Amino acid sequence: MSDLEPEQTLSSHDKLVYMANQIGKAFSAEPHDAAVAAAANHIRLYWDPRMRRIILEHLDKGGAGLEPIALEAVRALKGKK
Amino acid sequence: MSLVEEVDYGTPASRAKESVTLTIDGQQVKVPAGTSILRAASELGTQIPKLCATDSLQAFGSCRLCLVEVEGRAGAPASCTTPVAEGMVVRTQTKKLKDLRKGVMELYISDHPLDCLTCAANGDCELQDMAGAVGLRDVRYGYAGENHTKQEKDQSNPYFDFDPSKCIVCSRCVRACDEVQGTLALTIQGRGFESKVSPSQNELFLDSECVSCGACVQACPTATLSEKSVVEIGTPEHSVVTTCAYCGVGCSFKAEMRGEEVVRMVPYKDGKANRGHSCVKGRFAWGYATHKERILNPMIRSSISEPWREVSWEEAIAYAASEFKRIQEKYGRLAVGGVTSSRCTNEETFLVQKLIRAAFGNNNVDTCARVCHSPTGYGLKTAFGTSAGTQDFDSVEDSDVIMIIGANPTEGHPVFASRMKKRLRQGAKLIVVDPRRIDLVRTPHIEASYHLPLKPGTNVAILTALAHVIVTEGLVNKDFVAQRCDADDFAAWAEFVSRPEHSPDVVEKQSGVPADLIRGAARLYATGGNGAIYYGLGVTEHSQGSTTVMAIANLAMATGNLGRRGVGVNPLRGQNNVQGACDMGSFPHEVSGYRHISDDATRALFAKEWGRELDSEPGLRIPNMLDAAVDGVFKGMYIQGEDILQSDPNTKHVAAGLSAMECVVVHDLFLNETANYAHVFLPGSTFLEKNGTFTNAERRIQLVRKVMTPLNGYEDWEITQLLSNALGFPMNYTHPSEIMDEIARLTPSFAGVSFAKIDEMGSVQWPCNEKNPEGSPIMHIEGFARGKGKFMLTEYVATDEKTGPRYPLLLTTGRVLSQYNVGAQTRRTENVVFHDEDLLEIHPHDAENRGVKEGDWVKLASRAGETTLRATITDRVAPGVVYTTFHHPDTQANVVTTEFSDWATNCPEYKVTAVQVSPSNGPTNWQKQYEEQAAASRRVVELEAVK
Ligand code: SF4
Ligand code: SF4
Ligand code: SF4
Ligand code: FES
């Protein structure tokens, strides 16, 4: 069975940082504030509570790896909830 | 019950607006100008004898049986080729006509074997009928002279036989292949007595260009072309109209039966999606329904290393319910979830999401649309306000420019492709945006004006460059934009796309598409008349899938190509009920009708109907469920009609997620790959065994009708109901129509839908409500569903899946005509004759560099994993790009695909994976071990007492 174990892929934690950055980038052509608001709103509407909790905990630990729009979006999310 | 008979009017309906009045056999009739006399008579109920004419084909005038007399005209013109005229007086039955017709029939019969009693078409043969109709009683010419009655049969096609000895050379088959199917595989070779029907250049059907659509078989008035199943079983005695369960075209069929045995599936002329046409899958590939590998008894096991144990339905349901309850008690309410199926009916899908939201009490429900069209939902909802295509299929008849982006209609949506090809042969222009040279780029009588062979992953760059040309060259439809779209958004968008970084010259470097092609395509789309965009998974299955959908919507709005026939934005849906599954609220963040779960008023509506409060938080999507399972917090799953192990990306990760769960319930027809990781197997029913509705890519809701008793004992909705009841959330439906009534009560866009209405109208396109009681073939006619159309800025973000020295090639994936998705059904039919393994297409240049020859085994490796398959060398793919299909589990194409996904919806990026290809000796260790494990996992201990 050993070969059937998963390969080392991103942990769910890293994956969420990656996804948040992807969302930030998708709105990056918008003016800064609008981009942050849109990214925050997207995460609020589409991520389940546990995913949001993990990213907020990550923010509390410094938010390493989050790019500017994503970082601000996650901060905004914290403000809301 | 009896056979559903359809009138053959002899020639196609005229689309003319003016009408003409004439007299036939003393009766006046008013018909559209351009109608043939034959058709006009038929509308009066008079069937003039005919052989070479049928109403799916243009009249040809070769058999001379349909002669009539017209007052004031000499001779006896053929009524199929003679159009009506004002005041015309026609006689269809006179002594002279009778003699002429008898003479014609006598000649036909004298060269036709007289084995009617043992002929497969006995009772279903137009030649026989016509001999009767003209009163032929004897044939003066014997069989002593030269005739065709000894010619050999061609039985090479797995589904139909060709017996030339019975051919009357009416050329209906040839014309059906040309006009209806558009493949042009048949010709009449030779002249006079020598003339005969020939596939390609005197080849066998199987070796020819024939794609086995069956149009010729249906058009043939004799037994020359007949279904093998009719030869074997006999002619059918009753029929039931139903809907194909394969692709999103949603073809309507008559299931022609003998008792509970299907004799054949015949495309239904009144089917508004297919208009009497079909493809090889729906027409012929239904044998899986009775395949010996189908599982008919429920089974359970406590661990996936044990063999399956057959049990009674009661035990299986009780076990599954107790496991879900145990898991929720131990790990919490959110530790379970489920997946609905785009292969199942609307009613079944609605019930599964209801079970999850009400009985599980969370929103962890998703559907396989996650891996195909979820970006369509997101993108179109953002731009227009509804998550659906804007047109009906008929609309293509009015298109002047057709742009196909990331879709391969002739393989994926064959019947719609045939309709599209018809329009292209009439002169509509074609633009193809696809990394691969799909068949439509060059096919008989069709040549694309532009083929933009972009590098996989650069869709957004290309579409934004098209917009750049349209805006900077002043090709915007200003009136449309001013009236219909949000002005500020448009201004911001126009400024954005006009930036120099979006010019064709810059984008040429990113995409590899010459700037001139981009400019030419943009100008043609913007100025060529009615422009229609059709797109497929080559758009959605990217990390920028949703952005690409929005970029498409932007183009259509900027050029005013929305809100009328001939235009629009049209996603070509993969599975039969992808549209329906999305409509029914299968996504974790929204309930039926695309309403967000956080909306209090909507939840209140459901709470009142269901008597349970709904969770206001979005649930997990399929990839999130698997991640949560690997993290140890998600433990149980109910999977209806999906094979996520084979169809979802990064197989190893999916396997890890599934193995981490304590209760996986698979509800399906076969022990699929996912079932290797399941603890409960609930045998499902096929589309032939149940009632319900499917919604096709044009939002058309059609009935699926039960033609046989479910071999597994229950229709799928009944099984979900059993499970829900065992979970303590009662459901008491007695027929799926009651489920649709509930959907209508809860969903504004379905408010006017009921089984009775669909039955009466044949089909209904949503929205169907007070405002549109008859449904809506075309959307956004007066305004967008959301009010003003919204232009979105589409920043191109290159995918992180990049080529490099280790993985220098880009893999993209697709499918073939004869197989369907993971192949669970089509692999269990004769369709394997057409496609028995997945092949890797590689450009000659890349093949040579690697020492790979045609048919060699190659290893295909990516960051995620590796697999082996055979290579085929072709310049259909550009250098640097390789391509394969994913129909066979032993190929395990998804072992190599990665977990990169669309930013908005997590739809996986199947269409771009960086890979390396190298020669190999055969299957990898993973493939071998997987095969062993799968075999072990499929062991079944049968229980005598069961059932
Ligand atoms: S089955 Fe279809 S493709 Fe094949 S010859 Fe007949 S009409 Fe043409
Ligand atoms: S095969 Fe059938 S349709 Fe074709 S020419 Fe012969 S009789 Fe006519
Ligand atoms: S698979 Fe699609 S195109 Fe083929 S018959 Fe079925 S619905 Fe029609
Ligand atoms: S039916 Fe008119 S000529 Fe054959």
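All values below come from the heavy atoms of this structure, side chains included, with hydrogens, waters and symmetry mates left out. All chains are named by letter (A, B, ...) in the order of the sequence lines, taking the proteins before the strands, and each is independently numbered beginning at 1. In this text, all values refer to a predicted model and were calculated from it rather than measured experimentally.
In this structure, chain A has a heavy atom under 4.5 Å from the side chain of V633(B), while its backbone stays farther away. There is no contact between N363(B) and chain A, counting heavy-atom distances below 4.5 Å. Using a 4.5 Å cut-off between heavy atoms, S543(B) contacts chain A through both its backbone and its side chain.
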Scan the side chains in residues 58-69 of chain A for donor-acceptor partners under 3.5 Å anywhere in the protein, sequence neighbours excluded, and list what turns up.
| residue | atom | partner | partner atom | Å |
| --- | --- | --- | --- | --- |
| H58(A) | ND1 | H13(A) | NE2 | 3.0 |
| H58(A) | NE2 | A64(A) | N | 3.4 |
| H58(A) | NE2 | A64(A) | O | 2.7 |
| D60(A) | OD1 | K78(A) | NZ | 2.6 |
| D60(A) | OD2 | K78(A) | NZ | 3.3 |

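Partners of E495(B) according to the salt bridge (Lys or Arg N to Asp or Glu O under 4.0 Å) rule, which considers only residues two or more places apart in sequence or in another chain, are R499(B). For F360(B), the ring-ring contact (aromatic ring centres under 6.0 Å, His included) partners two or more places apart in sequence, or in a different chain, are F324(B).
Checking side-chain atoms of H502(B) against main-chain N and O of H468(B) turns up no donor-acceptor pair under 3.5 Å. D366(B) places no side-chain N or O within donor-acceptor distance of the main-chain N or O of G338(B), the cut-off being under 3.5 Å.
Within residues 20-30 of chain A, the residues that have a heavy atom under 4.5 Å from a heavy atom of chain B are Q22(A), I23(A), K25(A), A26(A), F27(A), S28(A), A29(A), E30(A), listed by number.
Of all non-hydrogen atoms in P49(A) and P618(B), the two that sit nearest each other are CD-O, 3.4 Å.
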Give the C-alpha distance, both sets of side-chain angles, the deciding distance and a yes or no for side-chain contact (heavy atoms from CB on, under 4.5 Å) between R621(B) and W47(A). CA-CA 9 Å; R621(B) 300 175 274 201; W47(A) 286 21; 3.5 Å; yes
